[in-house]
Amino acid sequence: MIIAIDGPAASGKGTLARRLAEHFELRHLDTGLTFRAVAAALLAKGLPLGDEAIAVEIARNLDLAQMDKSVLSAHEIGEAASRVAVLGALRQELVDLQRRFAETPPGAVLDGRDIGTVVCPDATVKLFVTASPEARARRRTDEMLSKGQEATYASVLEDLKRRDERDSQRTVAPMKQADDAVLLDTTEMDIEAAFQAAVDIISKAA
Ligand SMILES: Nc1ncnc2c1ncn2[C@@H]1O[C@H](COP(=O)(O)OP(=O)(O)O)[C@@H](O)[C@H]1O
Ligand SMILES: Nc1ccn([C@@H]2O[C@H](COP(=O)(O)OP(=O)(O)O)[C@@H](O)[C@H]2O)c(=O)n1
């Protein structure tokens, strides 16, 4: 079974994907981390985020097991990830890696922006998870503050909107709800309610 979860920044994709993977005894890949890892490596080398040849080389040598979420989840790396995510050759390299992960038995839950449309178009079930920009900004701000990071609601809201705009407008694999994906709007749901709604959708579809 392959569960594809897409949606905008801080919509709760990762939280849901982790819980669903545990519930259905599947592996989980946060594909955003793969873009974040490439961006972070370019930043560490002092190279421009548009250097496609080096970005592809970094992706080719990426070890999924070595990606450190606590480092890569930094807010500014999210912005840098969305800049490298427009590079077509890089996406191709990462899609190959993500697909191999998804197709390894017993299957997996993948979350990202183009899982249902590009990476796993034949996924068993597809969810497009969203929430209002204000709810997402509130959640991300609270998350950053709880980790002792500096954050203001207004700047996080602005950053998320800019990133969503870039992600949905790019020419290669833009963020988009697949035609056969089920929309899950969690604006008025807490984490538990969103999880139960997702389990219901998946149980009906699988
Ligand atoms: N339904 C929800 N209600 C309230 N907070 C949520 C909900 N879903 C996720 N969160 C919180 O919002 C933040 C962003 O969630 P995350 O799963 O990292 O989103 P994404 O993977 O889409 O960026 C986290 O702090 C998470 O605990
Ligand atoms: N499948 C994916 C996953 C992420 N990305 C890019 O990577 C960036 C970071 O993704 P993320 O899922 O880690 O971001 P958050 O939603 O956690 O803030 C996104 O803004 C996208 O530009 C992508 O293009 N395709």
Side-chain angles (χ1 to χ4, degrees), residues 4-21 28-40 49 55 59 67-88 90-99 101-102 109-120 123 127-147 149 151 156-157 159-176 178 184-198:
I5 305 185
D6 292 300
S11 56
K13 307 177 295 295
T15 304
L16 261 184
R18 261 188 309 281
R19 289 203 50 182
L20 290 170
H28 168 227
L29 178 62
D30 172 352
T31 64
L33 285 183
T34 64
F35 288 91
R36 287 172 179 263
V38 173
L49 294 169
M67 296 189 305
D68 186 345
K69 184 172 164 58
S70 62
V71 174
L72 296 175
S73 63
H75 192 57
E76 57 283 5
I77 298 183
E79 169 69 17
S82 129
R83 290 177 182 273
V84 301
V86 303
L87 304 171
L90 169 65
R91 294 201 73 89
Q92 194 50 59
E93 195 65 38
L94 290 179
V95 166
D96 289 347
L97 184 70
Q98 295 160 5
R99 238 177 233 156
F101 184 95
V109 184
L110 277 77
D111 70 280
R113 301 291 186 289
D114 61 340
I115 309 303
T117 50
V118 175
V119 181
C120 302
L127 295 178
F128 193 84
V129 181
T130 191
S132 69
E134 291 74 18
R136 294 187 285 115
R138 173 55 55 210
R139 293 173 189 174
R140 184 52 48 91
T141 308
D142 289 347
E143 181 183 10
M144 291 171 71
L145 293 175
S146 74
K147 289 181 186 161
Q149 296 163 2
V156 170
L157 177 62
D159 290 351
L160 293 188
K161 283 184 173 170
R162 192 182 50 240
R163 191 142 64 87
D164 290 346
E165 170 79 10
R166 187 184 300 124
D167 289 345
S168 53
Q169 296 304 317
R170 68 179 175 232
T171 44
V172 202
M175 169 174 70
K176 184 167 159 293
L184 180 60
D185 186 330
T186 70
T187 307
E188 303 295 337
M189 293 180 191
D190 63 14
I191 292 178
E192 190 55 35
F195 171 68
Q196 288 306 333

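Read the numbers this way: they start at 1 and go in the same order the structure lists the ligands and their atoms.
- Between M189 and F195, the closest side-chain pair of non-hydrogen atoms is not below 4.5 Å.
- Listed by number with element, the atoms of ligand 2 under 4.0 angstrom from any heavy atom of G32 are 3 (C), 4 (C), 10 (O), 11 (P), 12 (O), 13 (O).
- For atom 1 (N) of ligand 2, the choice among T117, V119, D114 with the nearest heavy atom turns out to be D114.
- Taking atom 5 (N) of ligand 2 as the reference point, the nearest protein heavy-atom neighbour is F35 CD1, 3.7 Å.
- When each atom of ligand 2 is checked for a heavy atom of A81 under 4.0 Å away, the hits are 7 (O), 8 (C), 9 (C).
- Of the candidates R91, R113, R136, the one placing a heavy atom closest to atom 24 (O) of ligand 2 is R91.
- Counting heavy atoms closer than 4.0 Å to ligand 2, residue R36 contributes side-chain atoms (C-beta onward) but none from N, CA, C or O.
- Proximity to E143 (heavy-atom distance under 4.0 Å) selects the following atoms of ligand 1: 13 (C), 14 (C), 24 (C), 25 (O).
- At most 12 non-hydrogen atoms from other residues, nucleotides or ligands lie less than 6.0 angstrom from CD of E188.
- Looking only at heavy atoms of the protein, atom 22 (O) of ligand 1 is closest to K13 NZ, 2.7 Å.
- Ligand 1 lies out of reach of G7, whose nearest heavy atom is not under 4.0 Å from it.
- The protein non-hydrogen atom at the shortest distance from atom 19 (O) of ligand 1 is G12 N, 3.1 Å.
- Within the structure, the closest approach of A10 to ligand 2 falls below 4.0 Å when heavy atoms are considered.
- Listed by atom number, the atoms of ligand 2 under 4.0 Å from S82 heavy atoms are 20 (O), 22 (O).
- In M175, neither the side chain nor the backbone holds a heavy atom less than 4.0 Å from any atom of ligand 2.
- Summary of contacts: the protein heavy atom closest to atom 18 (O) of ligand 1 is R140 NH2, 3.5 Å.
- No option in D164, T187, T141, T130 other than D164 meets the side-chain hydrogen bond (donor to acceptor under 3.5 Å, both in side chains) test with R136.
- Heavy-atom contacts of D190 reach the following atoms of ligand 1: 1 (N), 2 (C), 3 (N) (cutoff under 4.0 Å).
- In summary, the atoms of ligand 1 found under 4.0 Å from a heavy atom of G14, numbered by their order in the structure, are 17 (O), 20 (P), 21 (O).
- Among all protein heavy atoms, the one lying closest to atom 19 (C) of ligand 2 is D167 OD2, 3.3 Å.
- Here is the list of ligand 2 atoms found below 4.0 Å of a heavy atom in A85: 6 (C), 22 (O), 24 (O).
- Residue-ligand proximity: R83 is placed with every non-hydrogen atom at 4.0 Å or more from ligand 2.
- The closest approach between a heavy atom of R170 and any atom of ligand 2 is below 4.0 Å.
- In summary, the atoms of ligand 1 found under 4.0 Å from a heavy atom of M189, numbered by their order in the structure, are 1 (N), 2 (C), 3 (N).
- By the criterion of a heavy-atom distance under 4.0 Å, the side chain of K13, and not its backbone, is placed next to ligand 2.
- Heavy-atom contacts of A10 reach the following atoms of ligand 1: 19 (O), 20 (P), 22 (O), 23 (O) (cutoff under 4.0 Å).
- Under 4.0 Å from ligand 2, the heavy atoms of R163 that appear belong solely to its side chain.
- Assignment of Q98 to the shell around ligand 2 is not supported, since no heavy atom sits closer than 4.0 Å.
- With hydrogens left out, the protein atom closest to atom 7 (C) of ligand 1 is I191 CG1, 3.3 Å, a heavy atom.
- At the shortest separation from atom 26 (C) of ligand 1 among protein heavy atoms lies T15 OG1, 3.6 Å.
- A donor-acceptor pair is defined here as one N or O able to donate and one able to accept, closer than 3.5 Å; such a pair exists between the side chain of S132 and the backbone of A135.
- Among the atoms of A9, none of the N or O lies under 3.5 angstrom from an N or O of ligand 1.
- Counting only heavy atoms of the protein, atom 4 (C) of ligand 1 lies nearest to R139 NE, 3.4 Å.
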